[in-house]
Structures are given as structure tokens and as C-alpha cells.
Number of protein chains: 4
Amino acid sequence: MIKVAINGYGTIGKRVADAVAAQKDMKVIGVSKTRPNAEAFIAKQRGYPLYIADLSKKAAFEKAGLTVAGSVEDMCKAADVIVDATPGDIGVTNKPLYEKLGKKALWQGGEDHEVAGFSFNSSCNFKDAIGRQFIRVVSCNTTGLCRIINEVDKAFGVEHVHAIMVRRGSDPGEIKKGPIDAVVLDPVTVPSHHGPDVQTVLPHISITTMAMIVPTTMMHMHAVRITTKKEVNREKVIELIKNHPRLGLVKKSAGIKSTAELKEFAMDLGRQRADLYENCIFEDSIYANKNELCFFQAIHQEADVVVENVDAIRAMTSLANDGTASIKLTNDALHFVPIQNNH
Amino acid sequence: MIKVAINGYGTIGKRVADAVAAQKDMKVIGVSKTRPNAEAFIAKQRGYPLYIADLSKKAAFEKAGLTVAGSVEDMCKAADVIVDATPGDIGVTNKPLYEKLGKKALWQGGEDHEVAGFSFNSSCNFKDAIGRQFIRVVSCNTTGLCRIINEVDKAFGVEHVHAIMVRRGSDPGEIKKGPIDAVVLDPVTVPSHHGPDVQTVLPHISITTMAMIVPTTMMHMHAVRITTKKEVNREKVIELIKNHPRLGLVKKSAGIKSTAELKEFAMDLGRQRADLYENCIFEDSIYANKNELCFFQAIHQEADVVVENVDAIRAMTSLANDGTASIKLTNDALHFVPIQNNH
Amino acid sequence: MIKVAINGYGTIGKRVADAVAAQKDMKVIGVSKTRPNAEAFIAKQRGYPLYIADLSKKAAFEKAGLTVAGSVEDMCKAADVIVDATPGDIGVTNKPLYEKLGKKALWQGGEDHEVAGFSFNSSCNFKDAIGRQFIRVVSCNTTGLCRIINEVDKAFGVEHVHAIMVRRGSDPGEIKKGPIDAVVLDPVTVPSHHGPDVQTVLPHISITTMAMIVPTTMMHMHAVRITTKKEVNREKVIELIKNHPRLGLVKKSAGIKSTAELKEFAMDLGRQRADLYENCIFEDSIYANKNELCFFQAIHQEADVVVENVDAIRAMTSLANDGTASIKLTNDALHFVPIQNNH
Amino acid sequence: MIKVAINGYGTIGKRVADAVAAQKDMKVIGVSKTRPNAEAFIAKQRGYPLYIADLSKKAAFEKAGLTVAGSVEDMCKAADVIVDATPGDIGVTNKPLYEKLGKKALWQGGEDHEVAGFSFNSSCNFKDAIGRQFIRVVSCNTTGLCRIINEVDKAFGVEHVHAIMVRRGSDPGEIKKGPIDAVVLDPVTVPSHHGPDVQTVLPHISITTMAMIVPTTMMHMHAVRITTKKEVNREKVIELIKNHPRLGLVKKSAGIKSTAELKEFAMDLGRQRADLYENCIFEDSIYANKNELCFFQAIHQEADVVVENVDAIRAMTSLANDGTASIKLTNDALHFVPIQNNH
């Protein structure tokens, strides 16, 4: 039973905590918060011991009716693995603590590759992650790109990828970030960081990415064009999606053509927090013409990396020998089956 | 075991179906759809027999893998009570069918009071609804207003209510309605229909309402000012909210100050579809100054009437003797406790 | 010819600069920027000498092709009056400079009343402002409230005002501020600062205000209810609006019922920057019932204070003897007539 | 002096009317409206005779203070050229009238190519349009694509174009269309109609397009990748943009990285209706790597076709011999210079 601490109980951290808690081979021994906000009450509801970075704030937590179990350092000492889900660029500042304590730790994609020296995706490089002390789970967009690019590469050989990321401006529960009425180039320059980031996992892939931000809270949308070495076969693409445990196919029959309808479907299905762990590839958008493959995929920015975090824990603690086995354990514990099986 | 049919399995209908299915004294015998969209697959997942208005579309449903149990008339015949959750102004056109079959039916607030001749709110007029053939459950906004106004009236005597409804432009899963970047007066004229609608339930209340639409999918927000006959006591207002099974208090300690944070909290709590059945009254906004009471309350447009529908079924079929008893049955079956008990 | 410097050439500053430049009795002798962004090129296009706060950035401006005339202190020395249009809470930090130089200065409503000890509205207290060294022009919302409340008070006697401000989340050209999909109570507490702020201009008015932020860039919307000492006459209300040089009546005939349509109309009319200097009161919303008056008014957050700034300059430099005279000069120079004269 | 009638005085029609009125070789003899809304008052302000489709509504117009000059047929009879700016799919129903009267007419891109049998872009095929009775001016997105693709093709030879259109959900003055919080695939299928539409103007270009709709009112954003026959030279690309009278370069020095900041800049510049007639290509996004060229361009959906309409009138009436001459006449009359000359 691997003891897992979640340093940073926010959008990603709270989801990873619940996903870890659902596994049979690991458990949550603590989560950390900096402020006594609504999420702290969720930790209490779930029964996760609550640790805080700054013990001088203990009184503020207790005044709100929240018990403080100790400091973040206390929490880390008690853990086998620390999932660092603090905000981007903060995670790296926690590394000295993890090193001092000699603990295994994994970071999110908001940190640079260098924080861990190894960037992880369950479907692409699980074996290379086995036993590592430090791992970086790549970002939601990079995760979504790696999953599908790797499969297309195995089937047809990837010549070049051109991917445009149309990103949400804020998560649904955020209220300060915009834009309200604009399309923002982020970055203006080409390529965006996503292309090089895919190459931290799949170094041999030639890829150009462009990214923008739009006023929605609901998922990212990728418009992808892949040129291939072998001629693409549309039916085979659909098959490889259907057969992958983390690729989802949004079938034409559901009549879904937007991120909003997709999230509504996930909510209606009863998925926890309406989370979509899988790439949501629109069947009707899959276009194959000789060596050209195009498609749209929606990526749930809050969710797709959650299951990858669980697999990463298993890899670094040698709880599984390969990605397929770990993915099956993770998915089964969450009662997760990709969306094509629900319609 | 009262047999309930849901005519119109959409935003409200799908929620009422699940809420009815959770009760011990009633069951869902069928739901109806006009098109084989994503929601039809949810009905299939839940095991609700699927009926369709136009049998000529049966092939289209079956091609999508959806079994059709029969026509809407077939469904109504098999039911004791029909919950009409078809879109506004459509419901009234179904009345002749219900009359022909001699069935009890209830409509939503999108229909006029005259469709049923009786407008219902569990907390205000349950006893007057017992045994009725036809009932109209008032709209989400009117429900939210009636619940709190009635309590304030009982405690302090209402002199006048001024309520401004800042309404969501579309539900989260809708993609066609706007506005995208505007505040729309809807209607421009004063009073909006909400004031007279409150009076269908609470005829003696003097009230002026004004309404607008803004570009959000997340809940309606009410800004309310009530002048009272007796001097208002702020602590007593907080008490009456805490003691009411459908009034929720958003405590200051949670740090929630927006509809988005509120929905996130409901989702984190694990509420089905992140539904908020209760009025969400912001503790920090409650302002009492002599005979003046002001507060903000957020109303979840998709949810607050759902529990009222269940109670209305119980009233018209004489399954309960008073609102308090029915509300307790409904809430308990849904494991629902107002939000103040979660933080 | 009064020499005016604009300290802070942003949303308000760039508009005040153009409005001042259009007057016969004053001129712009300089504007200030902190960064060489797009607005700096507009200053160049208009021919306004460009001053910068931090002379060490001079090279950055010049590299972009922008000539720097000197420091902000240089600019202030050359001016008779300084319009401080720096961001809220920054303006107050500039006061020692203006005092040191012995210059007249005016601030915007983002500063507290205490910055100047006198809060200004052209229609309400021009005479009290004559000759003053320091003036604060109240915020866009307070300006809009003061204009109409003062007229209603003169005509019917104000008993109490209840005003709800539904505010834009960001200006059209801003891309970082949200919310994207939420209604945010800002503040959660009642009353918002607007009520007390109205009282800095109209101390005898009893008023309760509530405020929220919504995801739009287009104007603020006020829902107002005024109870009066004398019985209200709707036709008289319409008359007093039509006769006021800064109150606009959006007539029913135009079919306008939103902020978006209003801005489109202003743009089509050829108004500079589509600016609406006037309160935009919706004729169809004016509701009078005995001693109760309700209406909606839209307030252009970027524009309504601009003309008030011009008048304030005239008051403090004794260029006019009363508000009526100054308003006429300001409006005429801008070829501005309230919207009711355009449809 | 060519007599021009504008059938459909809406978003495009009102802009074309003003652009035609500014030319020395043509004039507006009438515009048509179906309802007496705000835009009808703008026609009155501009002095354009107002014609209506349905004369039975004459009283409604006159009651609003609007003079009706006659029927749409009357207007068409009096014109040399009719600009049909009625909504998409309505324009084609007007063709029999134009044929009956033997008038020249041009349609917008909302109609199919077949309505006129000739699709027009000033920079690409002006000469082929000379003397034609019927012309279709391609849509805003197709116009933007044709302009730049044609230049790149002339300079480097186009191998293939992959273009993603991220489209605004509604125009700024619209209040009914969404989405509010979603990315909508429109269409889900690949390619979108834009690719084939480009080929109606540039038949030899190989192109794959994908399109989606996002919750903004501000411009469309194109993410474009072109593979070329000759190696691309970045400086040469910048030069060809700078030298084209309808291509705009958003220079890095302005710090603009979004559609909102771009529109703000156009408004500040004093452009009528803040219109951007030019492609707005972001200098910093221009990426050239061997035979690969990528860039972002923003397209003002309300404006870029306006100047093309004027040129089309000149082509069909043989007022100019080539596109270069007509473009110069059109631009000069509007005092229009592409945005790179303003910063």
C-alpha cells in the first residue's frame, strides 16, 4: 500500500487525491492547502488529513472548523510518493524538500522538463519511468497529443504534425482570469511550447504547434493535421481509437459537436466531477485523404492528466511492469471506460 | 408505488426522472424524446423505457441503438402521473391528451398559471395541492423567491419586495443561445413576469421585479430588498434560513462569492450533476437595517424545481399530508442536505 | 487657454485628452505613458507630446519610433491643471508631486474621496468646485446615479434609492480580467461602496446599493427603484430626462434592449470610440406607481466621466460660473447631443 | 456616377453604403430595411433614401418618424447596380427580380457560388469580373485567405494550405446567438466549406480547412500553415505583406496579441466603426522554416469584404481596368491605409 501525499489540493490535486484513494495499491495520507477555502472543506468531507504550508495560519483553519494535521514537511515525511500539484513554477521550488527527505516525487506539466529530467505519458514511455525518483507528468494538452500521435505513428508512421490548440481561458471555478471577449494568441510566436513538449516524450516526432486562448471554461479543442509515411486508412484510425484505453471516440450518433455538450454528457453519465480522462476525438471529423489525416479532439484540462498521475506513481514505485497493466488497474478502479462505450 | 411518466427528457426532465427514481413511493415508467440525441443514451443507461412523440422516427432511434417502447400516448396511458417537462408553451398543447386519458399531470413554470389553474411551491401551499388533477410547478426564479419571501413574511411581515433577477443566458449544455457580450433587458418593461408569478403562490405579497440576461451559463443571481412590517433581526434571518430544508446558507468561511465557485463546490461535494436544489443565500450579503432586509441569492435554474416536482407528485396523489413531510421524504431519498451543512 | 496635462494615457486618459483638445478654452500640453504600447502610437498620431514616468525607459520608447518629451514631472510643471487618470490607488501617490509644484489636479473615482476632499458632478455641485485646487471626479457608476437621482429629487423628493449595479468584467480592450462564466458578487457585502459614494456628492440622499460583476465588456447596467415623497408622474420623468444635457433616453421606437445594441447604435452614429457620455435610460422600463419609480439605465464605463472631467477643469480654473454653462460648452465642442435626439 | 442600391441595410449593408458614398464614381440611391429598428435611424441620419420590402409596413416606419421612399422593386429600378446584403440564403431568392429588371447585382459570401457563377476577390481575379452582370463577393474568411494565399503562391509557390478558422459566435451588436461557454465545431466534418470556397477564386490551390466557433464577438482568427514549393524567406513574406494594399501587419512594437486589442487600436485610430478592412497578420507569428510558413491572421468579419464590394461594383461597371487601380481608388476615398502604417 503506497502512501501518497498531495502537495497542492486544487484543481488537479483534488482529482488526483480521489483517483489515488480509489486504487487498491495506494492510499492518500494527506493533502495540503495554503488557505481555508471551499476546497479545504472538501478535503474534510473526504477524510483526507489536511496539512498546511504555513503553520502560523493554523488558527485561521481551525476557526473555520478545519483540523490541521501538521506542516507540509510533516506530510512529506509520512509519504512514499509526493504528487506535487502546486501551481506552475511553484513546484520546482519544492524540489529541495523532496531531495532532503529522499522521497519520490512527481510534478505536473506546469513545470519544465528539467525539474525531473523525465517527462511521462502512460501510453508512450511507462517502462522508462519504472523506479525513478522524479517524474514530470506532461500537461493536459501534451498528454492528449502524445496519446494519439503515438498510435498514429505506430500504425502509419508520422511525417509531420500540425496542431492548433484552442485553449480555455480559465477553469469553470475560476473567476479572475479572462479574456471575456477576445481571441488571445498565447504565445503570438510559432511554435508554441506544446510542440517541443511533445518531443520530451516522443523525441522523433516532427511537429509544429500554434496556440490561442478563447473565452470558455470548457475544455481545450485541438485541430490536428498529421501527414503520414503510409497511406492513412480512416477505418483503421477509428479502430485504433476504439481499442485504446485512454482514447475516446465521440460518435456521430450522439449528435455532440461542442465541448459544452460533451461535458453535459459526462455529467449525465454520472462521472465524478464530469471528468473526461480520455481524449475526445470526434468521429465525424476524422478525415483521411492519402497521407493526410485530420481530426478534432477535445481535451478536458482538469482531468486527462489525473489518470496519468496514478500510473506515474505506479511506475516510480514499481507497482506495475508496463503501461498497459497500470492503465487497466487505474481505469478499472475508477470504473472508467472511454466514452464510445456509453453511446 | 405511483407510476410516473416524464414527457420531455431534457434539462429538467432528466433530473426529475432521477429524483423520482430515487423515491421509495414512486417510480419512472417511461420518458420521452423527440430526437435520438445524447440524452437518449442517458435514458438507456438509466434503464428508463424510451417513448417518442412521432413513431415515424422509430427507425432513426433504433439505428442509433436505442430501443423505442412506444408512443407518448402509450406512455401516458401507463402512468398515474405525467410530469410535463416539454419546452415552454409546448406543455399546454399536451393538456388535451392528459384530459382525454383522465390522467393527473403537472407542468413547469414555462407555462402560464392557467394551464393548471394552480401554481405550486412545496413550502408555501402544499396542502392546497392535495388531490388536484393538474398542477403547475412555478419556475426556478419564482420558486426561489417564494421560498424566502414566505419565511420572511412569517417572521417579520413583508411590506414590499424589490427583486432583480440577473439571469443566465443559456444552460451549460446549450450552444445556440446568447448573448455573448451584452446585458439584455428581458423584458425591458417593469415589472417582469416574476412579480405577478410570485403572487400566483403568495397572492398577498407586494412585489416589484426587474429582470435581465447576462452571458453566463451558471445560475441566476437575485439581488433582493425586502421592507418589513416588524424590525428585521439579522441573526433571526440567518436562523430561519438554516432551519429551512430548501434554503441554503453560503457561509463566509467558504470564501465563495460567485456562481462559478458555488457550482464547483457542489461538484466537489459529489452532488449528482452538481445540482443545487436549495436557494443559495450569501451569509455575508445579509443586511438588516431597521425594516430593511437585503441579500443576494443564487438559484440553480436546472435544479431547484426538481425537488418541487417530486413533492407536487406526492401532493396530487395524496402520498403526503403536508409539505414538511413530503420535503423530508424527497430530501432524504436524495441524501440532500442544504449547503450550510457541508462547510 | 488652460494648459492641461493628462497623467495616465489609458482608457479614461485618452478620452479626456481628446475631449480637452476639442475645447476652445483649454489644450493638451502632454500625456504620460509607462510603456510603449499601442496607445502610445495613438498619442503620437494625435500629436500629444509624450512624457514618461521612468526616464530610464526612454530608449525603449525611441526604439519603437516614439519621441519622449520628458519626465512626468516636466509635464506637470508645464501644466495649469493635471488630470490624473492613472489606475485606482496609484493616483493618490502622485498627490505630493502636485502639491510640491503647487498645481491644480483632479483625480478619478478609483481614488477615495479624501484624495481631494471634494467629489464632483457637473450637474450637482459645480459651483462648490469653483477655484478648488483639488477635485475628485466620481466614478462612472456614481456619476450615472448622481445625475438622475438629483433630478428625481428636485422633481419629486427622494425618500430612498435602491440601486443594483450589474457591472462589466473588463473593458473591451482588456484581455486578462474575467470572469468568463460567472456572476461575481463584488462586494458580497451590502451596501456596496456606490451608495456612500453617491453621498459624497448628494449627502442627504438615503440609498442602498448592491453590485455584481458579469462576463461582458459592454457598459454597466443599473436597475434602480426610487421611492419618492411626492407621487411620481411618468411623463414628467421622461420630460426631465429629455431636458437634461447628460441624460439620454433610449426610446422604444429604436427597438434597443441591450447594451450591445446601444453600443452598436453609438458606433453607427459615428460617435468617437462609440462613446456614450450620457446615462442611457430605457424609456420602456420607466415604471411609475404612486410613490415608486423604477427604471433601467446603461452606463458606459469608459465615457460618462470624460465630459465631467472637462467640466471639472473649467470649475477649478474658474472658466465658467455654473454647471449649465460648462456642460453646454463641453457638449457643444464635442458635437454631443444625448441619444434621444438621434432616433 | 454609378447608382448603387443596397438591398439589406444590416451589418454588411450599412458599411458598404458608407463606403460607396465615399467614392467619387458612385453614389447610394437607396437602402432597404424590413423593420424600423435602430439601423433605419442611421440610414435617415446619413440621408440614404429608405425603401422597404413589404409596403404594408409603411405605417409602422412612418409612426417611428422614418420616411419610406418606396418598395425594394422601386429602388432596384432606379439603380445601376444592386448590392445584395440580405442574410445568407435569402439573397438567392432576390435573383429573379434582378433578372427581370435586367440589373447588375452582386451577392455576399453567404450565398453559394452558383448564385452568380463567379466568385470575386479584388486582388485575385478583378479582370475576370469586368463587365459581368452577376458577381458573388466571397465571405470574410475566404477573402482573407485568398488575399494572402495568392501572394504567397506568387512568391514561393503553394504546395498545400492548412487553415484553421476560429470564428466569432456573433457580431458585437447581436444578442441572440451563442455559444456563451463552449467551443463548437462548425462543421464537425473536415474540410469546412472554406477550402472549396477558396478554390472558387483560386482553383489550383490545394487546401484543407477546419472551422470552429467560440464565444467572442471580436473578429475571426486564422491559424495558417502553408507548405511551399520554393524555400520560404521570412523577410520576403513581411515585405509582400507590407506592400499589399489590403494586407496589414501587426508589428511586434505595438504589443498587440489579441483581437480585442486590435479592435481597440482601430477604434483609437478613429477608423469608422473601428473597421479593419485589411488582413491583420501578426508579425511575431510569422514562422518560416524551409518550405513551411506559419502565421496567425485576424479577420474582421464585418469589414474586410466591404472594400471588396466597392471594387466589385467597379469591375462589373467597367469603371476600372484592373484590381490595383480599383483598390487604390477605394482605399484612397476611405482614407484607408493598412495598419502597419499607423505604428
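Just so we're on the same page: letters track the sequence lines, and every chain starts at 1.
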Proximal component of D:V250, with respect to chain A [non-hydrogen, under 4.5 Å]:
neither
Measure the shortest side-chain to side-chain distance between D:E292 and A:H162 over non-hydrogen atoms and say whether it is less than 4.5 angstrom.
no
Under 4.5 Å from any heavy atom of chain D - which part of A:V214
side chain
So which part of D:P172 gets closer than 4.5 Å to some heavy atom of chain A, the side chain, the backbone, both or neither?
neither
From D:I180 atom CD1 to A:M218 atom CE, the distance as rounded to the nearest 0.5 Å
10.5 Å
In Å and rounded to the nearest 0.5 Å, what is the NZ to CD1 distance from D:K257 to A:I213?
7.5 Å
Heavy-atom cut-off 4.5 Å, strictly under: side chain, backbone, both or neither for A:A288 against chain D?
neither
What residue in A:V184, A:D186, A:V188 has the most heavy-atom pairs under 4.5 Å with chain D?
A:V188
Given that the side chain runs from C-beta out, which part of A:H220 has a heavy atom under 4.5 Å from chain D: side chain, backbone, both or neither?
neither
From D:R168 CZ over to A:D181 CG, what is the distance, rounded to the nearest 0.5 angstrom?
11.5 Å
Leading residue by heavy atom contact count with chain A [cutoff under 4.5 Å; candidates D:T216, D:V166, D:T189]
D:T216
To check you understand the geometry: which heavy-atom pair defines the closest contact between D:V190 and A:Y287, and what is its length?
O-CD1, 3.2 Å
Distance-minimising heavy-atom pair for D:A182 and A:T259
CA-OG1, 3.4 Å
Indicate yes or no: at least one non-hydrogen side-chain atom of A:L185 is less than 4.5 angstrom from one of D:M221.
yes
Is there a side-chain contact between D:F296 and A:M212 (heavy atoms, below 4.5 Å)?
yes
